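What follows is one structure encoded as structure tokens, with my remarks underneath.
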Amino acid sequence: MHRWSQLFIPTLREAPADAEVASHKLLVRAGYVRQLGAGIYSFLFLGNRSTQKIMNIVREEMDKIGQEFYLPALNPRELWESSGRWSAMGENMFRLKDRKGADLCLGMTHEEVMTDIARKELRSYKQLPQIWYQIQTKFRDEPRPKSGLLRVRQFIMKDAYSFDIDAAGLDASYQKHYETYCRIFDRCGLKYMVIDAHSGAMGGSQSQEFMVRTPAGEDQIVSCEKCDYAANLEKAISKVDPVEDLKSEGDGQPLEVHTPGQKTIEDVARFLGVSPKNKIKTLAMMVTESDGDAKAPKVRQRAVVLLMRGDHQMNEAKLSSAVAGKETRPMQEDEIRDLFKSPAGYLGPLGIDWATSITDQSKPMLLVDKALEGRSNLIGGANKEDFHVKNLTPGGNFHPTAYVDLRSVAAGENCPNCGAPLRMDTAVEIGHIFKLGYKYSDSMGARVLDRNGKEVAPIMGSYGIGIERILTAAIEQSNDENGFWLPTAIAPFDVVVVSANQKDEQIRSASESIANSLQSSGYDVLLDDRDERPGVKFKDADLVGIPFRINVGKKVTEDTVEVVRRSTLAREDVKISAISDYFLALKSA
RNA sequence: CGGGACGUAGCGCAGCCUGGUAGCGCACUUGCUUGGGGUGCAAGGGGUCGCGAGUUCAAAUCUCGCCGUCCCGACCA
């Protein structure tokens, strides 16, 4: 049993001025954390108790499917060179030199170290599958740390890695993690959802994120109320209602129309009396490509032009996938003139020699959004100031390099599975499971012998959970102006026993004995034995996230105390002799 | 990295425009008081005014540079 009077729980009446989101304000006010620098936080007594409980849950569940390791945060450069990520990680990686001048970095993730162990030690399919995990500190030099503990530069992650002999094995390891993650987040008492995620530059075939809805989050997620479809906006797809194409005009060949001063989609559509749905939006981008020479790569810029339906928005993550993760940026004015021979506002696909396939690197690419596939008689720019073109038909009078999905889903569009309207929410990512494939075993040279004595690369998965984000998300889900309440499993204490008046001997001793008996029944009890006025103690009790409170006051003369549930503030008189049973019943309920 | 704001006691802020004794609330210490929702009274302690340079007889205040923090954007395996 812990006595408040002996503890360091520095609660604040006011939130720090630079805290914006609820969890940040409350974590500081409740004395869980203190800030040391941008995206760097110290965990004090209560904060540490909570994250330790979270880690214990994670550990208990992970131990059922894997083995716990503990890897170094300090990594040599050569290791990261071997996977190609020393340069790929860019500025997000903290780098330092040792006294001999050798380069080191602080680990952002541990595919490299795990794969290094695997390549040195794993020899046979008989040793597979393996699931190795750790709970360890990660360092990422985020360009913009923000929102208290939501985006930080040093944080604790449970990261796990699986090694299997084949894709079926990976499926099984992945599924184990899926189920384990559900158990972990269920035990932590979170309301979460699992969504399809964008694979990003990690590649890989499948990836799902565990998300908690909250306005404080940074991710946009799309979900269907009717069925279980849910995806990150970076990945989400939807059904679009069919659009009636315009009738061809004249001989059906591209037909220039004078559109003086009409530059935007809306202007042109209004001017010509058509819907933006019959217009083509032309986006001019440049992609940075290298020739793949690892030692002295030649880098060059190449034009990539995107065509979208006039009323659709381009999604950067989808574009990134379409160009295999290469860097893209909008074209500058002179680059636009070079390619289109026209000012912006009148750009279109005609008159340019486009690459005929994705593999043809010699010409500019024309990527057309799938929503335009099969459409006809669209209106686009003429590549000539003050002119647009009618009768544009993809695959007819111009030929896309490829049709790809580039479109951002919008709220209210139709679910790809069941057709019901989709909703959009912001959310915070608390876990991510990932089929990596052969990326690291290939690049780093991990090999085992298969059943036929043939050398093969093991197939990998990686799986992460943000420990502090579980705490933060729980607070975002359950707070009011007076504080927050955590699920019992991750709260620093199960119950706080508030002695309303330490000077009243009967109240004081009743508080002691209640706290003692609950503690010996297996609850984590905090006894507020401070010589403070009751109001101060109640305010603090409401603030610090403990789910239950027992008020010990004047009613002790009737052998009665008051149990307050923080989430609802519902209170109930309970006989002192029945208090253990009362909590026992709660636990089994 | 681009745009914006801020930096004065542990926390929240005023003072700066118009240069001249550094102030308020909370917290803290001591005493009394009070005892079911941040009790009241009194007396105290605590500040290189982010750092550095410049202007001036004199700088928290004006000028320049740097650092730090937050917000928007870019970015975010």
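These numbers were taken from a predicted model, which means no experiment stands behind them.
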Measure CD1/Ile40(A) against C1'/rU69(B) and give the value in whole Å, please. 12 Å
By nearest atom, which of the nucleotides rG35(B), rC76(B), rG38(B) is closest to the Asp531(A) side chain? rG35(B)
Lys281(A) side-chain N/O to Ile265(A) backbone N/O, donor-acceptor pair under 3.5 Å: no
Applying side-chain contact (heavy atoms from CB on, under 4.5 Å), can you list everything that pairs with Ala457(A), at least two apart in sequence or on another chain? Tyr438(A), Ser441(A), Asp442(A), Arg447(A)
rC32(B) pairs with, by Watson-Crick or G-U criteria that keep both distances under 3.5 Å: rG40(B)
Could I get a table of every N or O pair under 3.5 Å where one atom is in the protein and the other is in nucleotides 5-12 of chain B?
unit_1, atom_1, unit_2, atom_2, d
rG12(B), OP1, Ala17(A), N, 2.7
rG12(B), O4', Glu14(A), OE1, 3.4
rG12(B), O2', Glu14(A), OE2, 3.1

Both distances below 3.5 Å, Watson-Crick or wobble geometry, any strand: find the nucleotide opposite rU48(B). none
Within residues 143-164 of chain A, residues whose heavy atoms come under 4.0 Å of RNA chain B: Pro143(A), Arg144(A), Pro145(A), Lys146(A), Ser147(A), Arg151(A), Met157(A)
Is a side-chain donor or acceptor of Gln134(A) paired with a backbone partner of Leu71(A) at a separation under 3.5 angstrom? yes
Candidate list Met331(A), Arg302(A), Gln332(A), test side-chain contact (heavy atoms from CB on, under 4.5 Å), partner Met286(A), passing option: Met331(A)
Begin from the C-alpha positions of Glu111(A) and Thr109(A) and carry the test side-chain hydrogen bond (donor to acceptor under 3.5 Å, both in side chains) through to its verdict. CA-CA 6 Å; Glu111(A) 281 81 9; Thr109(A) 173; 2.6 Å; yes
Under 3.5 Å on both distances, the Watson-Crick or G-U partner of rG54(B): rC62(B)
Closest to the Lys539(A) side chain, choosing from rG36(B), rG37(B), rA27(B): rG37(B)
Looking at Asp528(A) and Arg530(A), would you say the former's side chain and the latter's main chain have a donor-acceptor pair under 3.5 Å? yes
Decide whether Arg140(A) and Gln154(A) meet the rule of one side-chain donor and one side-chain acceptor closer than 3.5 Å. no
Across the strands shown, which category fits Glu532(A) at heavy-atom distances under 4.0 angstrom: base, sugar-phosphate, nothing? base
Starting at the 5' end of nucleotides 40-50 of chain B, put B wherever the base has a protein heavy atom under 4.0 Å, S where only the sugar-phosphate does, and a dash everywhere else. -----------
Can you check whether any acceptor in the base of rG36(B) is under 3.5 Å from a donor in the side chain of Asn501(A), or vice versa? no
Do the charged groups of Lys503(A) and Asp531(A) touch, with an N to O distance under 4.0 Å? yes
Residues in contact with RNA chain B, drawn from residues 546-555 of chain A - heavy-atom cutoff 4.0 Å: Arg549(A), Asn551(A), Val552(A), Gly553(A), Lys554(A)
Establish, with yes or no, whether the OP1 or OP2 oxygen of rU39(B) is under 4.0 angstrom from a side-chain nitrogen or oxygen of Arg533(A). yes
Atom CE of Met108(A) to atom C1' of rC75(B): distance rounded to whole Å? 12 Å
Most 5' of Leu543(A) and Ala38(A) on RNA chain B, judged by nearest nucleotide: Leu543(A)
Does any N or O donor sit under 3.5 Å from an N or O acceptor when you compare the side chain of Gln502(A) with the base of rG35(B)? no
From the list Ile514(A), Val497(A), Asp573(A), side-chain contact (heavy atoms from CB on, under 4.5 Å) with Val561(A) holds only for Ile514(A)
Length of the line joining Arg508(A):CZ and rG35(B):C1', which is rounded to integer Å: 16 Å
Gap between atoms CG and C1', on Leu569(A) and rG36(B) respectively (whole Å): 15 Å
Taking 4.0 angstrom as the limit, do Glu562(A) and Lys554(A) come out as a salt bridge? no
5' precedence on RNA chain B between Arg29(A) and Glu20(A) (nearest-nucleotide basis): Arg29(A)
Nearest heavy-atom contact between Leu543(A) and Arg29(A) is CD2-O, 3.4 Å
Determine, for Asp196(A) against Lys235(A), whether the closest basic-nitrogen to carboxylate-oxygen distance falls under 4.0 angstrom. no
With Trp86(A) via ring-ring contact (aromatic ring centres under 6.0 Å, His included) - residues at least two apart: none
Do the side chains of Glu142(A) and Arg151(A) get close enough for a salt bridge, i.e. N-O under 4.0 angstrom? yes
Rounded to whole Å, please give me the gap between CG in Asp219(A) and C1' in rC76(B). 10 Å
rA74(B) P sits how many Å from Glu218(A) CD, rounded? 12 Å
Kindly say whether Ser499(A) contributes a backbone atom to a donor-acceptor pair with the side chain of Lys537(A) at under 3.5 angstrom? yes
Partner lookup for rG73(B), please. Criteria are Watson-Crick or G-U wobble with both distances under 3.5 angstrom; report none if nothing qualifies. rC1(B)
What's Arg329(A) touching, base or sugar-phosphate or nothing? Going by heavy atoms closer than 4.0 Å. nothing
How is Gly37(A) classified with respect to the nucleic acid when contacts are heavy atoms under 4.0 Å: base, sugar-phosphate, or nothing? sugar-phosphate
Rounded off to whole Å, could you give me the NZ-to-C1' distance for the Lys537(A) and rU39(B) pair? 15 Å
With a 3.5 Å cut-off and heavy atoms only, can you find an N or O donor on one side and an acceptor on the other between the side chain of Arg571(A) and the base of rG37(B)? yes
Rounded to the Å, how far apart are Asn92(A) CG and rA74(B) P? 16 Å
Closer than 4.0 Å, any side-chain N/O of Gln35(A) to the OP1 or OP2 of rC70(B)? yes
Indicate the ring-plane relationship of Phe185(A) and Phe210(A), choosing parallel, tilted or perpendicular according to the 30° and 60° boundaries. tilted
